[in-house]
Amino acid sequence: MFMFSRSICCAKLNQLSTFETLFSNLKLRPYATPLIGPLQTCESRIYREKAEYANVNWDELGFALTKTDYMYVMNFTEEEQKFFNGTLTRFGNIEMCPSSGILNYGQGLFEGLKAYRKEDEGILLFRPQENALRMKIGADRMCMPSPTVDQFIDAVKKTVLANKRWVPPYGRGSLYVRPLLMGTGRNLGVKPSSDYTFLVYASPVGNYHKGDLNLMVEDNVRRAIPGGTGGIKAVTNYSPVYKPLTEAKAKGFSDLLFLDASTGSNIEEGSACNIFILKGNVISTPTTHGTILPGITRKSIMEIASDFGYQVEERAIPIKEVFDAEEVFCTGTAMVVKSVASITYQGKRIEYKLGAETLAQKLHATLTGIQTGPIEDKLGWTMLID
């Protein structure tokens, strides 16, 4: 790339009628991409170097950890009573006391969000402030301090930029960012930790589910109970479903659909996703009343669907209504938006419409278009960080 200092620009401008004449004599490398906007001192365009990428087969990415270069760590101590001195460090294992709150009592939260590569190789974050606010709500429930919204977003930005060569090329995946909040102080008794660690790491990912999404309704195990922690991203919410999920996958299912603990007759969510059903012009999703995670993708899809002209409602949805639905789809940071191919409940299987004409595909195209740049972000959801 050709870079010109202010003095060179001024000298050339004395000889040339326009700066474009100078550029006409230069042989630019074919991958250089012009950015919108002139230089302040010279009427020209600036150019972005071709992004450097890690040695990854982007087309074979699944949803699994790929070790990247850096992670971000910030601590809260009993003495300081605040998070301070956050720093980037090489990605790797961490040390903590065997009696720490996260190891003994599960005092921990996590978030999940993504960074996307634009077509011009810039990088966008999607609604990071929503993740920051959700972590604060979860931290309050778990009796933990939390980083401020600004600290959270700053940590995410720094982690992504330090690992930007791991952000997949446009349209070939995303960089999944995982913020963790953990009780790390020494603590033998049952009480909140004295010290905490906020850590952010990242990994390039592809599709969460690559095949059809076939759900089995879990009729015995409940994911969450009223008054519990189902509505926050507590680390303890997930491992209790491993056993029934493993059993369901052994039978050929992709995921489970859990029922409410109070009646056992209303649907709630999957092991890591929210669910929607479509009937006519009405889209319904279970109410987030403390047992269901208020997903950020869920929230975004509800707004997009409303803009499409659909009536979107949050309510209790009896399992029997699922079998009358025209379409069913799931949402989440990991899976984005995905049509459900089938649901099986007590031996009864119902199949749903799939393909390019489904509402789920249209919602997916619109959401990912906003996330990656081709569709104008009129709602201020994305944040350019490169």
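Just so you know, residue 1 is the first one in the sequence shown, and it goes up from there.
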Main chain of [Y], side chain of [X]: is a donor-acceptor contact present, judged purely on distance under 3.5 Å?
| X | Y | result |
| --- | --- | --- |
| S99 | N187 | yes |
| E326 | G280 | yes |
| E218 | P244 | no |
| S271 | L256 | no |
| Q107 | M142 | yes |
| N104 | P98 | yes |
| T184 | M96 | no |
| D260 | N266 | yes |

Crowded around [X] [atom1]? As in, over 12 foreign heavy atoms under 6.0 Å?
| X | atom1 | result |
| --- | --- | --- |
| E79 | CD | yes |
| Q81 | CD | yes |
| K279 | NZ | yes |
| N55 | CG | no |
| K164 | NZ | no |
| R186 | CZ | no |
| Y70 | OH | no |

inquiry  = With ring pair (Phe, Tyr, Trp, His ring centres under 6.0 Å) as the test, pick out the partner of F83 among Y196, Y72, F76.
reply    =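 Single ring pair (Phe, Tyr, Trp, His ring centres under 6.0 Å) partner of F83 among Y196, Y72, F76: F76.
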
task = Evaluate the side-chain proximity of N75 to N85: yes if any heavy-atom separation is below 4.5 Å, no if none is.
result =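 A side-chain contact is absent here, since even the closest heavy-atom pair is not under 4.5 Å.
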
Could you give the distance from [atom1] ([X]) to [atom2] ([Y]), rounded to the nearest 0.5 Å?
| X | Y | atom1 | atom2 | result |
| --- | --- | --- | --- | --- |
| I370 | L379 | CD1 | CG | 6.5 Å |
| S254 | M335 | OG | CE | 8.5 Å |
| F126 | T382 | CZ | OG1 | 8.0 Å |
| D69 | T89 | CG | OG1 | 12.0 Å |

message = Quick one, D255 with C330, criterion side-chain contact (heavy atoms from CB on, under 4.5 Å). Give me CA distance, side-chain angles, the key distance, then yes/no.
response = CA-CA 11 Å; D255 202 348; C330 291; over 6 Å; no

task = Name the orientation class of the two ring planes belonging to F110 and Y238 (parallel below 30°, tilted from 30 to 60°, perpendicular beyond 60°).
result =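 If you compare the ring of F110 with that of Y238, the planes turn out tilted.
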
Under 4.0 Å between a side-chain nitrogen and a carboxylate oxygen: does that hold for [X] and [Y]?
| X | Y | result |
| --- | --- | --- |
| K362 | E327 | no |
| D154 | K158 | yes |
| K243 | E247 | yes |
| E314 | R298 | yes |
| K299 | E130 | yes |

task = Show your reasoning for whether side-chain contact (heavy atoms from CB on, under 4.5 Å) applies to R134 and L109.
result = CA-CA 10 Å; R134 189 168 65 180; L109 297 163; over 6 Å; no

message = Please identify which of these residues, T331, I304, V336, meets the side chain to side chain contact (heavy atoms under 4.5 Å, CB included) condition with H364.
response =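 Exactly one pass, corresponding to V336.
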
key: Partner of T297 by side chain to side chain contact (heavy atoms under 4.5 Å, CB included), out of N274, T333, L363, L113   =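 Answer to the side chain to side chain contact (heavy atoms under 4.5 Å, CB included) test with T297 among N274, T333, L363, L113: T333.
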
task = Just jot down the side-chain contact (heavy atoms from CB on, under 4.5 Å) partners of D212, sequence neighbours excluded, or say none.
result =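 Partners of D212 by the side-chain contact (heavy atoms from CB on, under 4.5 Å) criterion, ordered by chain and then number, come out as N214, A341, L354.
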
Which atom of R222 lies closest to which atom of L259, heavy atoms considered =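 Looking at all heavy atoms of both residues, the shortest contact is CD-O, 3.4 Å.
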
ask   = Can the ring centres of F63 and Y176 be said to be less than 6.0 Å apart?
value =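 Distance test on ring centres: under 6.0 Å, yes.
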
query = Can you check whether F276 and Y310 have ring centres sitting under 6.0 Å from each other?
reply =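 Ring-ring flag for F276/Y310: false, centres at least 6.0 Å apart.
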
query = Does a side chain donor of either S284 or E313 reach within less than 3.5 Å of an acceptor in the other side chain?
reply =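 S284 vs E313: donor-acceptor pair found between side chains.
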
